[in-house]
There are 2 protein chains.
Amino acid sequence: MTKGHTDSISQSVSVELIAVLVAVTNGQPKVITVSSGDALPAGPLEESHKSLQAGLRAWVADQTGRRPGFVEQLYTFADRDRGHSEKYTRQISISYLGLTGEDGPLLASTSWRGWYGYLPWEDRRDTVPALLKDIVEPGVQRWVIATKDASARQARRERAAIAFGLDGRNWNEDLVLQRYELLFEAGLLPEAGPAGRRSLRLGSPMEADHRRILATGIARLRAKIKYNPVVFELMPPIFTLQQLQQCVEAIAGANLHTPNFRRLIEQQQLVEATGAMVADTGGRPARAYRFRAEVKEERAAVGARLPIARA
Amino acid sequence: MTKGHTDSISQSVSVELIAVLVAVTNGQPKVITVSSGDALPAGPLEESHKSLQAGLRAWVADQTGRRPGFVEQLYTFADRDRGHSEKYTRQISISYLGLTGEDGPLLASTSWRGWYGYLPWEDRRDTVPALLKDIVEPGVQRWVIATKDASARQARRERAAIAFGLDGRNWNEDLVLQRYELLFEAGLLPEAGPAGRRSLRLGSPMEADHRRILATGIARLRAKIKYNPVVFELMPPIFTLQQLQQCVEAIAGANLHTPNFRRLIEQQQLVEATGAMVADTGGRPARAYRFRAEVKEERAAVGARLPIARA
DNA sequence: TGGCATATACTCATCCGGAGAAAAACAAAT
DNA sequence: ATTTGTTTTTCTCCGGATGAGTATATGCCA
């Protein structure tokens with residue numbers, strides 16, 4: 001498509017901003033929801049908004065009374081046939097991830113909900129959820145063998161094995177979206193429509209594709225937390241290392257090896273001791289820490305590496 | 001913003017798809033451009049398109065006669081005041097990265113251009129570009145000291161040091177977008193408007209923010225190539241390890257350490273020898289390789305790791 | 001005082017990545 | 001035929017990061 005066509009569109013288009021607003025309080029990762037937990041907060045892009053990010057921040061501030069310290073665009077998708085009018089309409093949905101604290105008042109219509117209520121198979125902290133063996137794996141298995149073609153079946157088997165750590169593979173906590181999509185395709189989620197089995201209780205559903213957007217946000221956050229010190233935004237100013245670890249565990253949905261976690265944090269010099277102690281831990285008092293502000297810029301980007309030739 | 005407002009929008013909105021279509025041929029990374037290299041190909045989202053990705057693929061196929069094997073959304077942004085009409089209009093631009101080969105015919109109005117023509121400071125393969133020392137660093141330095149406030153100046157200095165590897169830091173090839181944005185802010189690019197110094201020859205400019213989108217695409221590709229075997233899409237079916245290395249070097253803009261690169265590829269089992277040899281290399285004949293198809297699924301996601309507690 | 005629970009420190013083996021040396025296999029020049 | 005050059009290919013060495021497990025410190029509470 002060459003230039004010059006770019007202003008030709010005239011179909012009816014509406015633009016919607018959808019937010020995954022995350023907080024973590026004592027080991028519980030949460031998102032802001034509306035409609036009694038049935039949907040993510042969403043609002044139209046308004047004329048007054050200078051940019052998408054600005055628009056999002058504007059109404060997030062309205063909602064939560066707080067301004068999220070970290071906001072990142074997730075994904076944009078377009079649906080046809082979304083409106084009820086006879087006119088052919090197109091909806092563009094732009095989703096964002098935002099990190100904040102749980103404090104600050106919410107409007108009555110909104111509330112915090114634990115995110116593992118929507119994706120219970122993602123929380124493997126203390127035990128591997130029973131529904132994985134009881135519901136997910138049999139359902140996925142049915143989906144695998146539901147294909148006649150042998151190579152297609154093999155492809156499905158491989159995909160399932162990767163997503164859910166089957167066949168001796170390891171569970172990869174980053175594959176939140178892949179798991180959601182597989183369950184959706186397998187018809188194991190009510191969102192999948194009439195084919196979806198409403199009888200299975202695989203977490204609470206959400207309207208439209210909001211649960212999918214939530215999965216996207218969690219996936220992004222789980223990936224990001226490994227190379228970018230965004231946990232910052234989810235922690236109070238002063239905290240103990242265990243609190244920090246529990247926050248990361250809540251996000252990752254897995255228990256961490258405490259000594260190694262500690263070593264990781266220290267060698268990256270993410271935090272500094274305040275000197276104060278926190279005594280009400282139930283055991284030995286813990287040192288209080290704060291984040292090193294400098295880190296924010298320093299470690300803003302480290303990432304993986306290529307075998308680059310020096311000199 | 002609670003639900004129920006979501007269909008209230010009525011301002012005039014147009015949706016534009018912009019593509020960064022990449023190919024690499026003998027050490028030259030290239031993008032498809034229009035308008036004699038002044039812009040990236042862009043087209044409106046049409047009613048017939050089922051989804052954004054489908055829309056993009058449709059007209060990419062028209063343009064190049066090839067279907068890119070890999071397509072990924074980059075970023076969405078919204079501008080006001082973009083149209084010329086008196087009506088207040090809003091343009092949504094959704095950008096995509098696509099990987100393909102250079103073969104296949106192009107329309108006359110489109111052409112491949114080397115991407116380092118637009119971002120010459122990003123190519124550090126054989127030598128560090130002279131314009132870094134000659135133009136970029138002095139310009140950035142002026143921008144740093146152009147702030148009165150001491151702490152703001154320090155922040156700028158830090159940011160510049162990270163982006164361009166100053167003050168003893170290493171160059172981080174992933175920070176393509178950060179570098180572009182800094183140069184833009186510093187008024188060193190003609191795109192920055194009247195403040196921009198058109199006299200400086202810091203690469204060829206592009207219309208609107210297309211050069212920024214290109215930077216976004218390059219950054220994404222440089223990051224992605226490290227944990228996801230997308231080089232696939234840019235290579236012919238059979239190749240030598242040196243060709244593969246040169247392709248990665250072209251993308252990364254840096255020379256790689258050959259033995260270590262080899263070791264990396266082998267230990268990841270990305271490729272398998274065909275048995276054939278390629279003799280016209282100028283030196284010792286090289287083994288011919290192909291990608292292992294299985295890898296595509298296997299290594300679709302590996303990523304960094306957290307100190308997860310087993311057991 | 002003796003558990004109990006958590007916090008913190010230390011050890012050890014292994015793997016991976018950066019860096020460089022060197023051998024192998026051809027072509028072209030002498 | 002020998003030398004030189006160029007590229008491919010294989011090894012080695014080393015330090016630091018990582019996985020895994022053990023041990024000690026320090027409070028509270030019964």
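In what follows, every chain begins at residue 1, and chains take the letters A, B, ... in the order their sequences are listed. All of these numbers come straight from a predicted model, not from anything done at the bench.
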Practice item. Would you indicate, yes or no, if dT18(D) has its OP1 or OP2 atom less than 4.0 angstrom from a side-chain nitrogen or oxygen of Gln267(A)? Key: yes

Exercise for review: Go through the structure and list residues passing salt bridge (charged side-chain N to carboxylate O under 4.0 Å, His left out) with Arg222(A), not counting sequence neighbours.
Suggested key: Glu122(A)

Revision key, fill the gap. Between CG of Asp280(A) and C1' of dT26(D) the distance, given in whole Å, is 15 Å

Exercise for review: Test the Arg179(B)-Trp121(B) pair against the cation-pi criterion, namely NZ or CZ under 6.0 angstrom from the six-membered ring centroid and within 45° of the ring axis.
Suggested key: no

Check your understanding: Below 4.0 angstrom from OP1 or OP2 of dT8(D), is there any side-chain N or O of Gln245(B)?
Key -> no

Review point. Can you name the residues that form a side chain to side chain donor-acceptor pair (under 3.5 Å) with Arg156(B), not counting sequence neighbours?
Key: Thr147(B)

Compile the donor-acceptor pairs under 3.5 Å between side chains in residues 283-291 of chain A and protein atoms, sequence neighbours left out, one pair per line.
unit_1: Arg290(A); atom_1: NH1; unit_2: Glu272(A); atom_2: OE2; d: 3.2

Exercise for review: Name all residues meeting the salt bridge (charged side-chain N to carboxylate O under 4.0 Å, His left out) criterion together with Arg157(B); count only those two or more places apart in sequence or in a different chain, and write none if there are none.
Suggested key: none

Check your understanding: Can you check the Ile265(A) CD1 to dT18(D) C1' distance for me, whole Å?
Key -> 15 Å

Exercise for review: Specify the separation, in whole Å, of atom CG of Leu256(A) and atom P of dA20(D).
Suggested key: 12 Å

**Study point:** Contact state string [nucleotides 2-11 of chain C, B base, S sugar-phosphate only, - no protein heavy atom under 4.0 Å]
**Key:** ---BBBBBB-

Review point. Sequence neighbours excluded, which residues qualify as side chain to side chain donor-acceptor pair (under 3.5 Å) partners of Gln245(B)?
Key: Glu249(B), Thr258(B)

**Study point:** Protein-nucleotide distance (His257(B), atom NE2; dG20(C), atom P), rounded to Å
**Key:** 7 Å

